Amino acid sequence: MDRYEPQQIEPKWQQVWEDERAFYISNPESPERADPNNFYMLEMLPYPSGTLHMGHVLNYTLGDVITHYRRRNGFSVLRPMGFDSFGLPAENAAIRQGGHPRDIIERNIEHIRSEMRRLGWAIDWDREASAHEPEYYRWTQWLFLRFYEAGHAYRKEAPVNWCPKDQTVVANEYVIDGRCERCGTPVEARNMEQWFFRITAYADALLDDHDQLDWPDRTIAIQKNWIGRSEGAEVVFRVEDLDLDLPVFTTRPDTLFGATFFVLAPEHPLVERLAAGTEREADVRKYVRHTAGRSTEERETKEKDGVFTGRYAVNPATGEPIPIWVADYVLMEYGTGAIMAVPAHDERDFAFAERYGLPVVRVVEPADGGADETEGAFSAHTEGERLVNSGEFSGLPAPEGAARIVDWLGSHGRGRPAVSYRLRDWSFSRQRYWGCPIPIIYCDDCGPVPVPDEDLPVLLPEVDDYQPKGKPPLASNEEWLFVPCPRCGTVGRREADTMDTFVDSSWYFLRYCDPHNDQAAFDRSIVDYWMPVDQYVGGIDHATGHLLYSRFFVKVMNELGLVGFREPFARLFHQGWVRQGGAKMSKTRGNVTGPDQLVETHGADAVRSYILFMGPADQDMEWTEEGVEGIARFLRRLWRIVNETATTAPREDLADGALTRKAHATIAKVTDDIGRRFQFNTPISAVMELVNELGRDPSAPDARFAAETAVSLIQPYAPHIAEELWQRLGHERLWEQPWPVADEALLERDTFQLVIQVNGRVRDRLEVPADLPEAELIERAKASPRVQAQLDGKEIRQAIVVPRKLVNLVV
RNA sequence: GCCGGGGUGGCGAAACUGGUCAUACGCGCCUGACUUAAAAUCAGGUGUCUCCUCUGGAGGCGUAAGGGUUCGAGUCCCUUCCCCGGCACCA
């Protein structure tokens, strides 16, 4: 017998699959040809950062196992691949190395593609698409224009997170503890003219449609948390002197009588007007200027401070004037940028009141009577709490009081029920080079004018210097920058910001369905055929970014009539992190291990199987190469035993031999694990057990069936060796063989092992016929000498029989 | 603080709806075979303690800790501890 040499057989079969176009799939030529059993398998597309690491290997092998499993269960499986090729890292690498981002990224893509082929993943490469290709971003721009026309993309001046090191705006999702996620520099708040997508308009739709999704609970919980819907009331406070109304949002209208002061965010547009003409004016200006220079981190950690404006607002409930302050613990981005402060029932307001000696009025009392006045804020909701010091509402239970106060406010035109969200609109403009240009031209006369569809794509221009200087690099190419206004023909100026790469990845799954379409982004009937994605696999780190943005995109496209569905990803699975040195493996952390070396020494099949064998795919795992040897050993064993069986074992079947039974049990187990339980480590164990048993008797009459079963079941994990052995067993094209089906009759045995317990403890086991009546089982149990020893003449009070399992005697 | 996930051998981990002495499968380790030797390969062993008539056998204790439900709990309930992740000045 020849030796198992993965370096020989793996490229051989990869070539066969390519020649046979084994994993390519065409779109249906007509509706009649459509396959109702179509299945869209998708993993999150990789950022082409140089080489693959073990995290990618886990991600894509997982998808590969599902792909093979579904294909062999009769599904037409779409399993495409492409690259998230725009973005900062490529640009930063270009700056460092002095090349062009395009050259760097294209070299990386080529390398990664070859690594992917070497791993034998079943990918339809005809559908490859990458964000940076004009054929792709032409349609990113086209979609942007549709969003713009519909009012879902707009410009506004807004405080943004500005990273002074990367010289760019950073999305909320990528500010971690007040620092830029990429470089760790503390971010600053800056007011800038920015592009936004109106994702907040879809906050409720995004929440409501969660119940259509077969997603992990925790992912949905993270999104709910992120959207942060709170119900409460808007209450209007009046500034008599200035004839001004100031609305606030509160979740605690029940505490309105306890509102003893009022606070505006420093960025609030009315601050200037309120302070004007008071003796506090200079102090207010100074405070506003001072807080503007504070980093987000400082704002969040320092002791609360603020300044009195010299003005008063009237509490609509009490009719009393309360002082208006400005303080940066109030955020302009949430609610109305102003709050009613209730120090008795809010810890933040209490801290502020203590510092500045503002009055504290308690208006809610717990059921057990008055709490200690000096204790600080009583903010928790408790059973049976009641309103006090609240005029006509005193004595009411707090929840009822809240409702009555809102009613009362409504009838006096001073308030109404309201909902507020934590979610902000998605800021997507970036002052960087390597991204999709925004197809807008600014004209002095016409304002912002969309680039006409027929002029798309707006190609990314060549520039001399990508180095960001706070001004977008695109603006440095003046030949590109200044163009005639499409509307009036006078000189206009192109938008020089580029798009966030999350725009590119919010629709790539649609382009894969119809990747070569040069008339449209995609054909609706084709995306409606494949979409939504039946199984999406990717990291949970995208819960509030990519996954939320894509859902938003699809909802808008649905309303624009571009697609016939409202959710992109029907079912979602998160693979765990592959960690190294305790930290998640990633290029930015510099702690990556790639598969190349291991593929070289052990073969792709061993690497694929090992990464899934290491543990449950949805849990984090610490990368270690110890153990890969075990998988390599298993594959060599499989090779040896199957080869041996192929030449020596007889061909006739033995329908109820021990190996046949074991093979059917293994089919049942592997099918259930992959198909229903989504557990990818235990199928390998199960096949190992089968091979171990086969190894003990490789020339048994049913050895051949056991060998064929083992090869067939391991195929999704180790497709190359499986294909080679399948051929040696005298068959062809395992990749398109139907998935084996367990024979239920063979899983049922005519005898079973009866477990005999005394007081719940196992004392003996007997092999008994399956059809014995209960009474007989009990008799046999009692008759066991070991049971006799335990019974020791004691009286049996109860006997519990679990059919086909056990007898428990209670004494 | 709030919301999720998790704690099982020396290690990665099994045990799917409470029911076959919990620890499958693999790693590591130990013993043996083959070998001049090593590697590779193959065979066997491997939670812990106690006892016995000791090439074998019997029993106790063991799934973070404590309590509960049940004939029976790694699995269900309560309390506590620890680890990981998300959110957190969001009114």
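Order of the sequence lines sets the chain letters (A, B, ...), proteins ahead of strands, with each chain counted from 1. Being a predicted model, the structure only gives us computed values, none of them experimental.
- If you check every strand for non-hydrogen atoms under 4.0 Å, A:Asn692 touches sugar and phosphate atoms only.
- A:Ala259 and A:Phe237 get closest at one heavy-atom pair: CB-CZ, 4.4 Å.
- Listed pair A:Arg636 / B:U41 meets the phosphate criterion, a side-chain N or O lying under 4.0 Å from OP1 or OP2.
- Taking 4.0 Å as the cut-off between side-chain N and carboxylate O, A:Arg355 and A:Asp305 do not count as a salt-bridged pair.
- A tilted orientation is assigned to the rings of A:Tyr356 and A:Trp325, their planes being inclined by 30° to 60°.
- In this structure, the CG atom of A:Asp541 is 16 Å from the C1' atom of B:C87, given to the nearest Å.
- Using a 4.0 Å heavy-atom distance criterion, A:Val687 is classed as making no nucleic acid contact.
- Between the side chains of A:Arg637 and A:Asn692, at least one donor-acceptor pair of N or O atoms lies under 3.5 Å.
- Looking at residues two or more places apart in sequence or on another chain, you find a side chain to side chain contact (heavy atoms under 4.5 Å, CB included) between A:Pro698 and A:Glu644, A:Thr645.
- Nucleic acid contact for A:Glu689: sugar-phosphate only, since backbone atoms but no base atoms lie under 4.0 Å from a heavy atom of the residue.
- When the C1' atom is compared between B:G86 and B:U79, the two are found 26 Å apart, to the nearest whole Å.
- When A:Lys304, A:His290, A:Glu267, A:Lys302 are each tested for a side-chain contact (heavy atoms from CB on, under 4.5 Å) with A:Asp328, only one passes: A:Lys302.
- Comparing A:Arg633 and A:Val330 against RNA chain B, the residue whose closest nucleotide sits nearer the 5' end is A:Arg633.
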Taking N or O atoms only and anything under 3.5 Å, show me the protein contacts with nucleotides 58-62 of chain B, one pair per line.
unit_1	atom_1	unit_2	atom_2	d
B:A58	OP1	A:Arg786	NH2	2.7
B:G60	OP1	A:Arg763	NH2	3.2
B:C61	OP2	A:Arg761	NH2	2.9

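- Straight-line distance between the P atoms of B:G67 and B:G59: roughly 26 Å, to the nearest whole Å.
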(request) Do nucleotides 2-14 of chain B as a string where each nucleotide becomes B, S or -: B if the base has a protein heavy atom under 4.0 Å, S if just the sugar-phosphate does, - if no protein is that close. (result) --S-------BSS
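- Using bins of under 30°, 30° to 60° and over 60° for the plane-to-plane angle, the ring pair A:Tyr549/A:Trp426 lands in the parallel bin.
- In this structure, A:Glu5 places its CD atom where more than 12 heavy-atom neighbours from other residues, nucleotides or ligands lie under 6.0 Å away.
- Rounding to whole angstrom units, CZ of residue A:Phe680 and C1' of B:C16 are separated by 15 Å.
- Ionic pairing of A:Asp346 and A:Arg252 is not present here: no N-O contact between side-chain nitrogen and carboxylate oxygen is shorter than 4.0 angstrom.
- Protein atom CG of A:Leu635 is 13 Å distant from nucleotide atom C1' of B:G26, rounded to whole Å.
- Counting heavy atoms from C-beta on, the side chains of A:Tyr717 and A:Asp605 never come closer than 4.5 Å.
- Backbone-only contact: A:Val810 has heavy atoms under 4.0 Å from sugar-phosphate atoms and none from a base.
- In this model, the phosphate group of B:A40 is not approached by any side-chain N or O of A:Arg3 to a distance below 4.0 Å at OP1 or OP2.
- For the side-chain hydrogen bond (donor to acceptor under 3.5 Å, both in side chains) condition, the pairs that include at least one residue of residues 228-237 of chain A, sequence neighbours left out, are A:Asp204-A:Arg229, A:Arg229-A:Glu231, A:Arg229-A:Tyr421, A:Ser230-A:Tyr334, A:Glu234-A:Arg416.
- Residue contacts shown for A:Ser230 are limited to sugar-phosphate atoms, with no base heavy atom under 4.0 Å away.
- Residue contacts for A:Gly627: at a heavy-atom cut-off of 4.0 Å it reaches the sugar-phosphate backbone alone, with no base atom in range.
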(request) Map every base of RNA chain B to its dot-bracket character, where paired means a Watson-Crick or G-U wobble contact with both distances under 3.5 Å and | marks a partner outside the strand. (result) (((((((..(((......[.....)))((((((.......))))))((((((...))))))..(((((..]....))))))))))))....
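- In A:Asp2, the CG atom is crowded: over 12 heavy atoms of neighbouring residues, nucleotides or ligands sit closer than 6.0 Å.
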Please enumerate all protein N or O atoms sitting under 3.5 Å from an N or O of nucleotides 44-50 of chain B, with distances to 0.1 Å.
none

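- Just one residue in the list A:Thr671, A:Leu690, A:Val691 forms a side-chain contact (heavy atoms from CB on, under 4.5 Å) with A:Thr666, and that residue is A:Leu690.
- Within a 6.0 Å sphere centred on CD of A:Glu622, heavy atoms belonging to other residues, nucleotides or ligands number more than 12.
- For the C1' atom pair drawn from B:G74 and B:G9, the interatomic distance equals 14 Å after rounding to whole Å.
- Side-chain atoms of A:Asn643 come within 3.5 Å of backbone atoms of A:Trp639 as a donor-acceptor pair (strictly under, hydrogens ignored).
- Counting any heavy atom pair closer than 4.0 Å across all strands shown, A:Leu806 reaches a base atom.
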